[in-house]
*Asks:* 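What follows is a single structure, and I will ask about it in a moment.
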Amino acid sequence: MEKFTPVTRNEDGQPVRYLIVDDSVFARKNLARMIETFGGQVIGEAGDGISAISEYARLTPDIVLMDITMPHMEGIEAAEKIVREHPGARIVMVSSVGYQENIVAALQRGARHFVQKPVKPEVLYEVIKYVLRDEGTTARGAGAGV
Amino acid sequence: MRMDLIQPFINSADAVLAQALASPIAVENLSMDEEAYRRKGIAAEVCLVGEIEGRIIFDVDLGQALQLASRLAGVEVSETDEELVREAVCELANQIIGNAVTTLNDQGFHFHVRPPKLHTSEQGSRSSEDTEALVMGFSSSSGNVFMNVALRYRSEVAEGSAVAG
């Protein structure tokens, strides 16, 4: 997999910390591999919306990658609840179901962006840089980033 | 069965499989399935509810499933990694069906997709007059993928949502 210029937090130069939420173990592994190539650190995983809420509160990640179609509680509802409790939460919806109505609903409820599956690493990388721009992140070094 | 409901599934499978395998995919003949569904390999089922209702079974022969899992995982996956292979098939079903659902929703059909479930029984329900099953096959150099699509358009739901909306 392609290597990207690492994205780090300006405040302490540490890797960006991610929470991955998807009911598919396979999808979570795939996203974790991509994050590794971005220089990020996966600090937690969840398989449904309910666990995502508790894991967010416990870990306070810099960014959440959240699937939409999941058992128990779907991603849009979970995103809304997380943002209500933590207004600074940065949530990117990552789903194969990307119709207009769904995207609008996710953004209205607090998600920052949407990436459609199958995920292209270069697309996710750009979205992450965009979503974290207010945080003051830096793409360091002279890697092969896009 | 309405072809305008089916075409997005063919397009989506073609695109997602070609990307996953990084090789061209041939769309084989389409046929109506009048008998009960018989599983061919590792299968995942996704149900739709709303204006379009029914189920889609995504069925992959073992050789192809191993190839897909290896490509997606970025490491060689063997037959002993059953869980990983099943997960790969479910995730691909999710991506293919999700992309088709996106197209149909953007065309104005309103319905909801449920998370994929592993389809473990050897046989499924027989198609009926209002839920005919269409079988489509896709082949690549490493094997075959089948989609068994049984959907119906529920005009009463569409009319209800139009009145409510």
Side-chain angles (χ1 to χ4, degrees), chain A residues 1-4 20-38 45-52 65-78 93-106 114-124, chain B residues 8-9 12-13 15-22 42 44 46-50 52 58 65 68-75 77 81 83-118 161 165:
Chain A
M1 195 176 277
E2 189 181 357
K3 271 278 183 192
F4 294 84
I20 302 177
V21 186
D22 199 304
D23 57 324
S24 162
V25 178
F26 199 90
R28 297 203 300 266
K29 280 188 177 167
N30 207 23
L31 286 171
R33 279 197 309 134
M34 286 184 201
I35 287 166
E36 202 176 298
T37 67
F38 305 160
E45 294 186 10
D48 60 64
I50 294 171
S51 314
L65 302 180
M66 176 93 78
D67 187 20
I68 291 181
T69 307
M70 292 187 290
H72 310 311
M73 184 191 288
E74 295 212 338
I76 295 177
E77 188 182 350
M93 308 308 291
V94 180
S95 175
S96 58
V97 184
Y99 52 90
Q100 204 63 30
E101 215 171 275
N102 229 13
I103 296 173
V104 170
F114 184 94
V115 175
Q116 185 149 15
K117 289 182 184 175
V119 178
K120 291 189 169 81
E122 63 274 20
V123 171
L124 184 61
Chain B
F9 290 96
S12 175
V16 173
L17 288 171
Q19 186 182 327
L21 289 165
I42 297 171
V46 175
C47 292
L48 308 178
V49 287
I52 298 172
F58 181 74
L68 284 166
S70 300
R71 290 275 317 169
L72 292 177
V75 293
V77 174
D81 301 318
E83 187 62 36
L84 196 59
V85 178
R86 284 198 291 262
E87 278 281 342
V89 170
C90 277
E91 181 56 18
L92 265 175
N94 180 41
Q95 291 182 11
I96 289 170
I97 293 159
N99 278 254
V101 165
T102 298
T103 303
L104 286 167
N105 268 278
D106 283 340
Q107 286 173 359
F109 297 102
H110 297 283
F111 60 103
H112 195 71
V113 58
R114 297 234 169 98
K117 288 186 298 191
L118 204 63
S161 60

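Just so it is clear: chains get the letters A, B, ... in the order the sequence lines come, proteins before strands, and each one is counted from 1.
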*Asks:* Is the backbone of B:Asn94 close enough, under 3.5 Å, to the side chain of A:Ser96 for a donor and an acceptor to pair up by distance?
*Replies:* yes

*Asks:* Flag the pair A:Pro118 / B:Val16 as yes when at least one side-chain heavy-atom distance between them is below 4.5 Å, and no otherwise.
*Replies:* yes

*Asks:* Is it the side chain or the backbone of B:Gln19 that comes within 4.5 Å of chain A heavy atoms, both, or neither?
*Replies:* side chain

*Asks:* To the nearest 0.5 Å, what is the distance between CG on B:Asp106 and CD1 on A:Ile103?
*Replies:* 7.5 Å

*Asks:* Given the options A:Gln100, A:Gln116, A:Lys120, which has more heavy-atom pairs under 4.5 Å with chain B than any of the others?
*Replies:* A:Gln116

*Asks:* Quick one: of A:Val25, A:Asn102, A:Ile68, who has the most non-hydrogen atom pairs under 4.5 Å with chain B?
*Replies:* A:Val25

*Asks:* Of the backbone (N, CA, C, O) and the side chain (C-beta and beyond), which part of B:Ala73 lies under 4.5 Å from a heavy atom of chain A, both, or neither?
*Replies:* both

*Asks:* If you take all heavy atoms of A:Phe26 and B:Ala69, which pair is closest and at what distance?
*Replies:* CZ-O, 3.8 Å

*Asks:* Tell me the closest heavy-atom pair linking B:Pro115 and A:Asp23, and the distance in Å.
*Replies:* CB-OD2, 3.7 Å

*Asks:* Would you please test B:Glu91 and A:Lys29 for side chain to side chain contact (heavy atoms under 4.5 Å, CB included) and show each step?
*Replies:* CA-CA 11 Å; B:Glu91 181 56 18; A:Lys29 280 188 177 167; over 6 Å; no

*Asks:* Counting N and O atoms only, with roles assigned by atom type, does the side chain of B:Asn99 sit under 3.5 Å from a partner on the main chain of A:Lys117, one being a donor and the other an acceptor?
*Replies:* yes

*Asks:* For a quick test of reading the model, state the closest non-hydrogen atom pair linking B:Val113 to A:Glu74 and the distance between them.
*Replies:* O-OE2, 4.4 Å

*Asks:* Relative to chain A, which segment of B:Arg86 carries a heavy atom at a distance below 4.5 Å: side chain, backbone, both, or neither?
*Replies:* neither

*Asks:* Minimum heavy-atom separation for A:Tyr99 and B:Phe111, please, with both atom names.
*Replies:* OH-O, 3.8 Å

